[in-house]
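Below: one structure, written as structure tokens.
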Amino acid sequence: MTELSKQYNPKETESKWYEVWEKNNFFSAKAAPDKPPYTIVIPPPNVTGILHMGHALNNSIQDILIRYKKMKGFEALWMPGTDHAGIATQNVVEKTLAKEGLKRQDLGREKFIERVWEWKEKYGSTIIYQLKKLGCSCDWSRLRFTMDNDYSTAVTEVFVRLYEKKLIYQGSYIINWCPRCQTALSDEEASHSELQGHLYYLKYPLEENPQEFITVATTRPETMLGDTAVAVNPKDKRYKKYIGKVLALPLASRRIKIISDNIVDMHFGTGAVKVTPAHDPNDYALGKKHGLEFITVMTPDGKMNNMAGKYSGLDRFKAREAVLEDLKSLGCLEKIDPHTLSAGHCYRCHTIIEPYLSKQWFVKTKPLAKPAIEAVKKGRIKFYPGRWTKVYLNWMENIQDWCISRQIWWGHRLPVYYCKDCQGARSQELSAKGIIVSRAKPDKCPDCGGTDLIQDEDVLDTWFSSWLWPFATFYWPKETADLKYFYPTSTLVTGPDIIFFWVARMVMAGFEFRKQVPFKDVYIHGTIRDIEGKKMSKSLGNAIDPLEIIAEYGADALRFSLISITSQGQDVFLSKERFEQGRNFANKIWNASRFILMNLKPEAANADLRVLLNAGKLDILNRWILSRFYSTLEEVEKNLNCYKFNETANSLYSFFWHEFCDWYLELIKPQINREETQIVMYKVLEETLRLLHPFMPFITEEIRQRLPGAKVSIIQQGWPHLQAQMIDLKVENQIQSVFDIINMVRNMRAELELNPSSFIDIELALPDKQAHNIIKPLLDYIKNLAKVKNLSLSEKYIPQANQYAAVFKDMHIIMPLSGLVDTETQLKKTEGKIGKLQADIRSKETMLGNKNFTARAPAEIVEAERVKLKEMQMQIVKLEAVRNGLR
RNA sequence: GGGCUCAUAGCUCAGUUGGUUAGAGCGUUGCGUUGACAUCGCAAAGGUCAGUGGUUCAAGUCCACUUGGGCCCACCA
């Protein structure tokens, strides 16, 4: 066995063990009918992704679950993969093209897509390597990509099925349009944020009397060029007389009608609203209802089109200025008020969304939502923390149809073909004629037999492929053995930001295509923020790079620190110093293990603990640590099973550090060569390492391998079995008393400013004779850790001037002094304690004197309070004796 | 407009179904390095649990309101 360094060096161990795990296929899972399955599908990171703290947290949690379940005997599968991330990836590749002075149109569709694939091959696995650095135990042999051939088959299949069920339709509606990406977006992809804008009051003259105006208020004056009506509320007395009259729309020189509709809010703006049916969703509805004209005044890249007359070619915001300028000179701009408005922004490039009328494909979602609502209501899918249930249900119950077509190139092309011969016959309105939706490209048109078929140019929303992730990764629509065994999956771990994008839709897909839930538990973790509460992001420059932390502190430290501060679902405010806790803990584990390894005899690994226990060969100290260990194990499992990761991490931390190291290892030093100590010390370390392994996989593996009895990996050692008979609260209490006494002596020493390394004498005065027998065998422990030279036991406390005494339960702890210490100070301190105790006693007495309390509180609580009061009364007598001795 | 969430030690946060003297990590202060660990040990200081009112024998915990952060949803032109 090689010498261990004084400090843990994560770099040396991490890559080494990861290789071993991979080489031995410890991460692979196979359908195993004799074992229960446990499945997690990874939220597939974008191929453009690089590991950030959110990923680190998300994947640490998943790895903890997978490693725990694997050790526990489940066939645990963690399905990995990446998402093609349509718009995001296309944007990235377009940027690299721009450096060559090229646009994607210069290459053409096919060549461009080739470039994207090239980019993907080159950079698309970056995040996979980074996940490995984190220690993730994904079954990499199953790595999937949402644009894999098989996966695309599933996407096409789903489109065709939904189309055939009439749950997919095509139509012209107002959608969210990103003028920069030049594509439609779903409602979820338009993230609304407030911005400071203006409310512009425009005057439209009446045709019959141009001196008379109706003033409308708008935030987007440039759209007035597409106005086809002005609407007022029918109840609005101010405008009643104008309803049905005609206005001369300035600049556009068009006649528009004044219509009335209840939807108009009389109290907003002027109570008269301009109606632009082609550029606003509300106006669109009004346009439909009142049979208005739809005039599109913009081009897809956000410029004014030739319907906009002289403004044609101007960018929409430049056009706004120009329009305002011209209205002003016409005297048609009444005023401008500051106004905060909320505008949609493209979730990929943050450009302000333009509501835009265009022909798109939609999923009819209401029927899909129905079983997805029911499943959650009935608890077949559970959210952790539970409050997300409401968020999910609220969205699901108010679900809108899903716009799934995107006008970009990178993605799954719609399996929609048009017959050129039939196209002429197609009306603008919905008609299936000449539209062929098919799994494979058809040879000829089923309507006219024409062979001139072209495929729809659009691709599908990225989420239209990711919503199939829990089963498409198992090669659905094939009924594979893996699909049957591993699906439905067990737990989904993700952040709150993609509940609508992804989680909700997966539930819908699960029911629609598999007739069951896609997962049983959804664990929603918090968002990682910087110390000021801002979301961590590269663009804000406040991000802490997990890889940097791994390089500096190690992956185990990163994981442990992250987990220990993330209480269930709560956001995390993170600073770099936070990771020192994990690093220090790793180092503590390392050094405690180093100490044990230096003293351990290999045969200790072979003994059977139960035999030893039954033979009565375990002393109280060893029984104590075993009891504490199994109590901890019990707690760890309870917390893990309800996704309380921080509590688990913290109980392991405090058990290992503050009980095992601070007390146990210190106390056993004098008896370290005793057989029972050897065995227990080995046992507790070995099993604690196993409990820690899901949290800190590398260091626990490294140390386990150095202990006797190692298998190829600690993963194979499995999860320790709870041995409830080892939990002994009586033993725990007795040892706790010893610790309390030691603490008191240490405290007294510190109060007296005695050098911690000097030995002192102590007398314990304990009136209860029977207690003497219990404490006698424990005296050596006290002597050891409290640095006591002579420890005597007596039955009676005799107050004396040259001593310092303290009280613990019914015991006086007496420290003889050689006269150097100031008795005045001791007296003050003792009196202070008495004063505090008196106050406590008074409040207890009041409490117990209250008949309401004694009558209504549970008997055991009242009894406990009585006992407590008695103890306090006893203590005060003893303290008073001490005080009298000092006087 | 609706909903969620947070406010506890100087900082970051725990605190289970209401029930002893409210905890941890970091930081601070004092003492301590001859063999596990200074990425350490021992000890200490530090909290009217945001405010007000209520329910209760009992409130950090439950309820209402107030104040101040953060987030989400919604078609206020």
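Protein chains get the first letters and strands the later ones, always in sequence-line order, with residue 1 at the start of each.
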TODO: Taking atom C1' in both B/G47 and B/A22, compute the distance separating them and give it to the nearest angstrom.
DONE: 8 Å
Open item on the list: Determine whether a donor-acceptor pair (one donor, one acceptor, N or O, separation below 3.5 Å) exists between the side chain of A/Lys669 and the base of B/A36.
Closed with: yes
Open item on the list: Can you check the distance between B/A9 and B/G23, where both ends of the measurement are the P atom (answer in whole Å)?
Closed with: 14 Å
Open item on the list: Just the rounded figure in Å: distance from P of B/C71 to CD1 of A/Ile528.
Closed with: 16 Å
Open item on the list: Work out how far the C1' atom of B/U48 is from that of B/U8, and round it to whole angstrom.
Closed with: 12 Å
Task: Interatomic distance at C1', B/G15 relative to B/C49, whole Å - done: 11 Å
Task: 5′-ward residue of the pair A/Asn850/A/Leu341 relative to RNA chain B - done: A/Asn850
- [ ] Take atom CD of A/Gln570 and atom P of B/G69, then tell me their distance rounded to the nearest Å.
- [x] 19 Å
TODO: Round to the nearest Å and state the distance from A/Phe500 atom CZ to B/G3 atom P.
DONE: 15 Å
Task: Ionic contact status for A/Glu865 with A/Lys844, cut-off 4.0 Å - done: yes
Task: Candidates B/A44, B/C37, B/G19 - which lies nearest the side chain of A/Ile861 - done: B/G19
Task: Close side-chain approach of A/Arg320 to A/Arg220, heavy-atom, < 4.5 Å - done: yes
- [ ] Provide, to the nearest angstrom, the distance between the CG atom belonging to A/Asn282 and the C1' atom belonging to B/C76.
- [x] 9 Å
TODO: Nearest whole angstrom, please: distance from the P of B/U21 to the NZ of A/Lys844.
DONE: 4 Å
Open item on the list: Say we look at B/U12 and B/C4: how far apart would their C1' atoms be, to the nearest angstrom?
Closed with: 23 Å
Task: Selected nucleotide, minimal atom distance to A/Glu865 side chain, candidates B/C40, B/U12, B/U20 - done: B/U20
Open item on the list: Let's see if you can work this out: which of B/U39, B/C42, B/A38 has an atom nearest to the side-chain heavy atoms of A/Arg746?
Closed with: B/C42
Task: Below 4.0 Å: OP1/OP2 of B/C37 and any side-chain N or O of A/Arg594 - done: yes
Open item on the list: What is the separation between atom NE2 on A/His525 and atom P on B/C71, rounded to the nearest whole Å?
Closed with: 17 Å
TODO: Between B/C4, B/C73, B/G25, spot the one nearest the side chain of A/Arg387, thanks.
DONE: B/C4
Task: Which residue lies more 5' along RNA chain B, comparing A/Asn650 with A/Met847 via nearest heavy atoms - done: A/Asn650
- [ ] State, with a plain yes or no, whether a side-chain heavy atom of A/Val275 is found less than 4.5 Å away from one of A/Asp227.
- [x] no
TODO: May I ask you to decide if the ring planes of A/Tyr200 and A/His198 are parallel, tilted or perpendicular, using 30° and 60° as cut-offs?
DONE: tilted
Open item on the list: Using the P atom as the point on both nucleotides, what is the distance between B/G68 and B/A74, in whole Å?
Closed with: 27 Å
- [ ] Can you tell me, in whole Å, how much space there is between the C1' of B/A64 and that of B/U55?
- [x] 11 Å
- [ ] For A/His192 and B/C73, give me the distance from atom NE2 to atom P, rounded to whole Å.
- [x] 8 Å
Task: Under 4.0 angstrom between A/Lys6 side-chain N/O and B/U39 OP1 or OP2 - done: no
TODO: Using atom CG of A/Leu4 as one end and atom C1' of B/C37 as the other, report the distance to the nearest whole Å.
DONE: 12 Å
Task: Taking every non-hydrogen atom, the tightest pair across A/Tyr239 and A/Thr215 - done: OH-O, 4.3 Å
Open item on the list: For the P atoms, the ones on B/A45 and on B/G10, what distance do you get once it is rounded to whole angstrom?
Closed with: 15 Å
Open item on the list: Going by ring-ring contact (aromatic ring centres under 6.0 Å, His included), A/Phe383 matches just one of A/Tyr643, A/Tyr392, A/Trp388. Which one?
Closed with: A/Tyr392
